[in-house]
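Numbering of residues begins at 1 and proceeds along the displayed sequence. We use all heavy atoms of the structure for the numbers below, so side chains are in, but hydrogens, waters and symmetry mates are not.
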Amino acid sequence: MDWLEGLGYLGLLIGTFLGGTVIPFSPDVILVGMLVAGGTPWICLIIAVIGGWLGSLVSYAMGWYTKWEWIGKWLKVDPEVLEKQRVKVDKYGIWLAFFSWLPTIGTLSIITLGFYKIRPKFVSVLIFFGCIVRFLFVIFMYDLVYEGYKALF
């Protein structure tokens with residue numbers, strides 16, 4: 001991941017984008033690395049949110065373009081089970097988009113929302129605000145822990 005940090009803000013954008021997709025990648029590490037390297041917190045926040053949001057939208061699109069037949073064939077899931085799940089996702093699932101920032105679970109929920117074609121505009125907005133919450137928390141923790149530690153010594 002050092003090569004991403006060497007790219008500066010572009011590396012942060014790429015890293016957070018990859019972290020929003022199904023690729024197992026930690027955008028938080030790249031964000032903290034940028035902050036340690038002297039990146040401006042507000043600029044880092046804006047770039048991280050854009051990258052994470054766009055990566056999550058790619059995951060949503062992956063779900064959107066997945067065919068029901070593929071799920072049945074590859075994962076051996078009965079179409080009736082998928083239909084029962086659709087009813088639940090239609091009723092409660094939209095709020096899963098806000099929790100897209102959670103590692104692994106978030107990406108899977110975004111793919112599921114895309115698969116069932118749940119309200120794309122609303123999902124997009126909730127993903128965006130979820131990314132803001134995630135990266136604000138990381139910046140807050142960095143400031144609290146790292147900067148507080150530096151002040152002690």
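Sparse packing is recorded around CD1 of I105, with 12 or fewer heavy atoms of other residues, nucleotides or ligands lying under 6.0 Å away. Open room surrounds CZ on F137; 12 or fewer heavy atoms of other groups in view lie less than 6.0 Å from it.
The distance from the CD1 atom of I139 to the CG atom of D143 is 9.5 Å, given to the nearest 0.5 Å. To the nearest 0.5 Å, atoms CG (L13) and SG (C44) are separated by 11.5 Å. If you take OG1 on T40 and CG on L45, they are separated by 12.0 Å, rounding to the nearest 0.5 Å. Here L18 contributes atom CG and S26 contributes atom OG; the two are 11.5 Å apart, rounded to the nearest 0.5 Å. Expressed to the nearest 0.5 Å, how far CG of L96 lies from CD1 of I127 amounts to 10.5 Å. In this structure, CG in L126 is found 11.0 Å from SG in C131, a value given to the nearest 0.5 Å.
Among all heavy-atom pairs drawn from G19 and P27, the shortest one is CA-CD, 3.9 Å. The nearest pair of heavy atoms linking A97 to I110 is CA-CD1, 3.8 Å. Among all heavy-atom pairs drawn from Y9 and I47, the shortest one is CB-CD1, 3.4 Å.
Two residues are said to be in side-chain contact when any heavy atoms from C-beta on lie closer than 4.5 Å; P120 and W64 meet this criterion. By the 4.5 Å heavy-atom criterion applied to side chains, F128 and V125 are not counted as neighbours.
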| query | side chain to side chain contact (heavy atoms under 4.5 Å, CB included) between I111 and Y60: does it pass, once the steps are laid out? | reply | CA-CA 5 Å; I111 292 171; Y60 183 84; over 6 Å; no
| side chain to side chain contact (heavy atoms under 4.5 Å, CB included) assessment of I50 paired with F17 | CA-CA 8 Å; I50 290 169; F17 175 83; over 6 Å; no
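A donor-acceptor pair is defined here as one N or O able to donate and one able to accept, closer than 3.5 Å; no such pair exists between the side chain of S56 and the backbone of T107. Using a distance-only test at 3.5 Å, with no hydrogens or angles considered, a donor-acceptor pair links the side chain of T66 to the main chain of M62. Under the 3.5 Å distance criterion, the side-chain polar atoms of T112 are matched with a main-chain donor or acceptor of L108. Distance alone, capped at 3.5 Å, is enough to place a donor-acceptor pair between the W53 side chain and the S124 backbone.
Judged as a ring pair (Phe, Tyr, Trp, His ring centres under 6.0 Å), and not counting sequence neighbours, F140 has no contacts.
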Under 3.5 Å donor-acceptor pairs involving side-chain atoms of residues 28-37, not counting sequence neighbours:
from: D28; atom 1: OD1; to: R134; atom 2: NE; distance (Å): 3.0
from: D28; atom 1: OD1; to: R134; atom 2: NH2; distance (Å): 3.3
from: D28; atom 1: OD2; to: R134; atom 2: NH2; distance (Å): 3.0

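Under the 4.5 Å side-chain heavy-atom criterion for Ile, Leu, Val, Met, Phe, Trp and Tyr, Y116 and V87 are members of distinct hydrophobic clusters.
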